[in-house]
Amino acid sequence: MKLNVAALLALSVPCFAQQDPNAVEAGRLVFRMSCAGCHGLHATGGRGGPDLTRGTYSTGDADKDLFSVISNGVPGTEMPSFRGALEDANISRLVAYVRSLSHAGAVPVKGDRTAGEKLFWGKGSCGQCHRVGMRGTAIGPDLTRAGKQRSLAYLRESVVAPDADLTPGYATIVVVTRDGAKITGVEKGFDNFSARLIDLSGRYYSFLKDDVKSMEREYRSVMPSNYGRMFSANDLDDLLAYLASLGGER
Ligand code: HEC
Ligand code: HEC
């Protein structure tokens with residue numbers, strides 16, 4: 001469909017754009033420019049933002065709730081405010097576009113979240129490195145809001161192929177001290193002169209480059225890479241259902 005942008009902009013747009021037959025298509029274009037970088041080209045989510053095709057939103061499911069989250073952003077998260085940057089008419093078109101996606105048959109989460117929770121704290125020992133709410137250890141990223149912040153596809157990949165898309169700021173640091181001891185852990189800070197890391201027992205280290213034999217930052221994860229084999233397909237679905245449910249409510 002060819003869009004007449006000038007005509008679209010000239011339309012006097014009602015507060016919510018369902019009445020505008022081109023709203024969805026126009027919203028898609030705005031989405032590509034302003035939102036796809038974080039939410040993915042098709043809004044199914046990415047590293048930066050959650051899947052928006054599930055048809056249900058933590059901030060409320062009414063059009064006015066979507067409108068308000070887009071114009072106000074979510075303070076304290078990466079979701080910016082678009083008030084001022086986008087006209088209200090364009091925000092309404094985005095609402096229409098996002099709405100249209102949830103009718104396109106979003107993939108529901110298949111697994112059983114309670115079973116997944118057991119695997120997380122039990123067999124998977126995920127709590128050895130991750131925190132959810134007040135529980136667990138913050139060696140790796142805090143997963144308290146993982147289901148809200150990340151897409152299902154990203155979460156799945158994080159579990160079965162941790163090295164594929166490393167969470168920024170969580171590389172592996174390897175330091176060899178003057179007396180030959182090798183210390184490996186998760187990056188807490190790294191520059192030309194110093195390295196800070198936390199090892200898997202939770203011990204915190206800080207080194208100056210001049211005081212050690214070598215220090216390297218390696219772009220791999222300390223997270224075990226064998227979960228894809230350790231868990232059955234059903235287990236993985238359960239685990240993902242648990243992760244997807246994590247929205248920060250306590
Ligand atoms: C810099 C990255 C980034 C950009 C750009 C961005 N978002 Fe977001 N968005 C996020 C994150 C992260 C969240 C989750 C916030 C949270 O933790 O609650 C979010 C949340 C949302 C939500 C609420 C989802 C829910 O379930 O509560 C909607 C709707 C949304 N974004 C739409 C948009 C639209 C439309 C645009 C473009 C105008 C956009 N976002 C641009 C990162 C981004
Ligand atoms: C030995 C420590 C360790 C264990 C055990 C571990 N992880 Fe991780 N995990 C990490 C580290 C470090 C990262 C960040 C680097 C990366 O992207 O892999 C990470 C990243 C993640 C991410 C991506 C988070 C984000 O926001 O980008 C998810 C999801 C995740 N882990 C889930 C799990 C689950 C589920 C388990 C158990 C089945 C688990 N982890 C076990 C250390 C661990």
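Residue numbers start at 1 and run along the sequence shown. Atoms within each ligand, like the ligands themselves, are counted from 1 in listed order.
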- Message: With the threshold set at under 4.0 angstrom, would you say Ile139 reaches ligand 2 through any of its heavy atoms?
- Response: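 Contact check Ile139 vs ligand 2: negative.
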Check for a donor-acceptor pair, side chain of [X] on one end and backbone N or O of [Y] on the other, with a separation under 3.5 Å.
| X | Y | result |
| --- | --- | --- |
| Lys123 | Phe231 | no |
| Thr137 | His130 | no |
| Thr172 | Gly185 | no |
| Asn90 | Glu87 | no |
| Thr53 | Leu101 | no |

Looking at [atom], what's its closest protein heavy atom, distance included?
| atom | result |
| --- | --- |
| atom 26 (O) of ligand 1 | Ser58 N, 3.0 Å |
| atom 17 (O) of ligand 2 | Thr167 N, 2.8 Å |
| atom 14 (C) of ligand 1 | Pro50 CD, 3.7 Å |
| atom 2 (C) of ligand 1 | Cys38 SG, 1.9 Å |
| atom 15 (C) of ligand 1 | Thr77 OG1, 3.4 Å |
| atom 38 (C) of ligand 1 | Cys35 SG, 2.6 Å |

- Task: Could you pull out, from Met79, Met33, Arg145, Arg32, the option with a heavy atom nearest to atom 20 (C) of ligand 1?
- Result: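 That would be Met79.
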- Message: If you take the nearest heavy atom of each of Ser34, Ser71, Gly247, which one is closest to atom 5 (C) of ligand 1?
- Response: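 Considering heavy atoms of Ser34, Ser71, Gly247, the nearest to atom 5 (C) of ligand 1 sits in Ser34.
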Under 4.0 Å from a heavy atom of [X]: give me the atoms of ligand 1 that qualify, with their elements.
| X | value |
| --- | --- |
| Ile70 | 35 (C) |
| Val69 | 28 (C), 29 (C) |
| Leu94 | 38 (C) |
| Leu66 | 29 (C) |

- What do you reckon, does Gly48 put a non-hydrogen atom under 4.0 Å from ligand 1?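 Flag set, Gly48 near ligand 1.
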- Task: Could you tell me if any non-hydrogen atom of Leu52 lies under 4.0 Å from any atom of ligand 1?
- Result: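 Under 4.0 Å: yes for Leu52.
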- Message: Between Asn234 and Ser232, do the side chains contain a donor N or O and an acceptor N or O under 3.5 Å apart?
- Response: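 Result is no, nothing qualifies.
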Could you tell me the separation between the [atom1] atom of [X] and the [atom2] atom of [Y], rounded to the nearest 0.5 Å?
| X | Y | atom1 | atom2 | result |
| --- | --- | --- | --- | --- |
| Arg196 | Phe190 | CZ | CZ | 12.0 Å |
| Asp112 | Glu117 | CG | CD | 10.0 Å |
| Asn72 | Phe67 | CG | CZ | 9.0 Å |
| Leu29 | Ser34 | CG | OG | 10.5 Å |
| Tyr204 | Asp199 | OH | CG | 12.5 Å |

- Item | Lys118 atom NZ, over 12 foreign heavy atoms within 6.0 Å |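 Atom NZ in Lys118 is not crowded, with 12 or fewer foreign heavy atoms closer than 6.0 Å.
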- Message: For the 3.5 Å polar cut-off, considering only N or O atoms, please tell me whether His39 and ligand 1 meet it.
- Response: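 Yes, at least one N or O pair falls under 3.5 Å.
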- Task: Examine Glu78 against ligand 1 and note whether any of their N/O atoms are separated by less than 3.5 Å.
- Result: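 No - when backbone and side-chain N and O of Glu78 are compared with those of ligand 1, no distance drops under 3.5 Å.
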- What atoms in ligand 2 come closer than 4.0 Å to a heavy atom of Ser125?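 Heavy-atom distances to Ser125 below 4.0 Å select 5 (C).
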- Query: Picking from Asp165, Asp237, Asp51, what satisfies salt bridge (charged side-chain N to carboxylate O under 4.0 Å, His left out) with Arg156?
  - Reply: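 The salt bridge (charged side-chain N to carboxylate O under 4.0 Å, His left out) with Arg156 is passed solely by Asp237 among Asp165, Asp237, Asp51.
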- Under a 4.0 Å heavy-atom limit, does Tyr57 contact ligand 1 with its side chain, its backbone, both, or neither?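 Contact part for Tyr57 vs ligand 1: both backbone and side chain.
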- Is it the side chain, the backbone, both or neither of Pro224 that has a heavy atom closer than 4.0 Å to ligand 2?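 Side chain only; the backbone of Pro224 stays clear of ligand 2.
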- Taking C-beta and beyond as the side chain, do Phe120 and Leu143 meet within less than 4.5 Å on heavy atoms?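 Answer yes - side chains close enough.
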- Could you pull out the N/O/S protein atoms under 2.8 Å of atom 8 (Fe) of ligand 2, ignoring any water?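 The answer, once waters are left aside, is His130 NE2, Met223 SD.
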